[in-house]
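Model, not experiment: these values are computed from the prediction. We number each residue from 1, following the sequence as shown.
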Amino acid sequence: MKFNNTDGIKKDSDFRRIYQKGKSFADRNLVIYYMNNNVGKSRIGISISKKVGKANVRNRIRRYIKESYRLNIDSKIKRGYDIVFIARVNSSNSDYKAIEKSIKYITKKANVIKKDGGTNESNKKNK
């Protein structure tokens with residue numbers, strides 16, 4: 001996975017460490033596990049069980065998650081987090097908009113995105 005501000009998580013041991021030591025939030029389509037990685041660069045992993053559906057369904061959900069993350073979250077992500085998205089069985093019937101809404105909701109709830117209204121707002125007021 002290549003994103004501008006995020007690397008991919010590949011090792012099974014990294015996934016297991018995040019599951020055991022990380023915090024989680026969920027909604028009806030997705031679960032997010034996250035933890036501080038003390039590296040200075042955020043990393044993302046996606047896990048989709050065979051219970052969700054056949055390979056074409058799992059790949060479709062994976063593409064939805066990656067694209068939604070790339071467009072909505074990647075540029076706003078705080079540095080130094082390992083994040084794993086897990087698709088729930090209910091996500092197999094979801095369209096792109098539902099997955100996008102879920103990603104926005106759980107990342108905001110997990111507090112892994114930067115706050116808006118920092119220097120950009122103060123610069124607008126000064127001009």
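The two residues S42 and K78 make their nearest non-hydrogen contact at OG-O, 2.5 Å. Of all heavy-atom pairs between I77 and I83, the closest is CD1-CD1, 3.4 Å. Nearest heavy-atom pair across A26 and R88 is CB-NH2, 3.9 Å. Shown here for I99 and S91, the closest heavy-atom pair between the two residues is CD1-CB, 4.0 Å.
Among residues two or more places apart in sequence or in another chain, the salt bridge (Lys or Arg N to Asp or Glu O under 4.0 Å) test is passed with K97 by E100. Partners of K51 according to the side chain to side chain contact (heavy atoms under 4.5 Å, CB included) rule, which considers only residues two or more places apart in sequence or in another chain, are S49, V89. Remark: N36 pairs with N38 by the side chain to side chain contact (heavy atoms under 4.5 Å, CB included) rule, at least two apart or across chains. Under the rule for a side chain to side chain contact (heavy atoms under 4.5 Å, CB included), the partners of R62 that lie at least two apart in sequence or sit in another chain are I46, I48, N59, K66. Annotation: side chain to side chain contact (heavy atoms under 4.5 Å, CB included) contacts of R43 (sequence neighbours excluded): D7, I9, D14, R17, N37, D82.
Atom CG of L30 is separated from atom CZ of R28 by 10.5 Å, given to the nearest 0.5 angstrom. With rounding to the nearest 0.5 angstrom, the NZ atom of K109 is 9.5 Å from the OG atom of S24. Taking NZ of K108 as the start and NZ of K76 as the end, the distance is 9.5 Å to the nearest 0.5 Å. Rounding to the nearest 0.5 angstrom, the gap separating the CG atom in D74 from the OG atom in S68 is 11.5 Å. From S92, atom OG reaches atom CZ of R60 across 7.5 Å, with rounding to the nearest 0.5 Å. The CG atom of N29 sits 8.0 Å away from atom CD1 of I61, with the distance rounded to the nearest 0.5 Å.
Under the ring-ring contact (aromatic ring centres under 6.0 Å, His included) criterion, the residue pairs touching residues 25-50 are Y19-Y33, with sequence neighbours excluded.
F85 is connected to L71 through a chain of hydrophobic side-chain contacts under 4.5 Å among Ile, Leu, Val, Met, Phe, Trp and Tyr, so both are in one cluster. Hydrophobic clustering (side-chain heavy atoms under 4.5 Å, transitive across Ile, Leu, Val, Met, Phe, Trp, Tyr) keeps F15 apart from V39.
No more than 12 heavy atoms of other residues, nucleotides or ligands lie within 6.0 Å of NZ in K23, so this atom counts as exposed by the packing criterion.
When the options D27, N90, T107 are evaluated for a side chain to side chain donor-acceptor pair (under 3.5 Å) with S102, the one that passes is D27. Considering I103, V84, I86, I106 as possible partners of I32, the one that fulfils the side chain to side chain contact (heavy atoms under 4.5 Å, CB included) test is I106.
With hydrogens and angles left out, the side-chain atoms of Y64 and S94 include no donor and acceptor closer than 3.5 Å.
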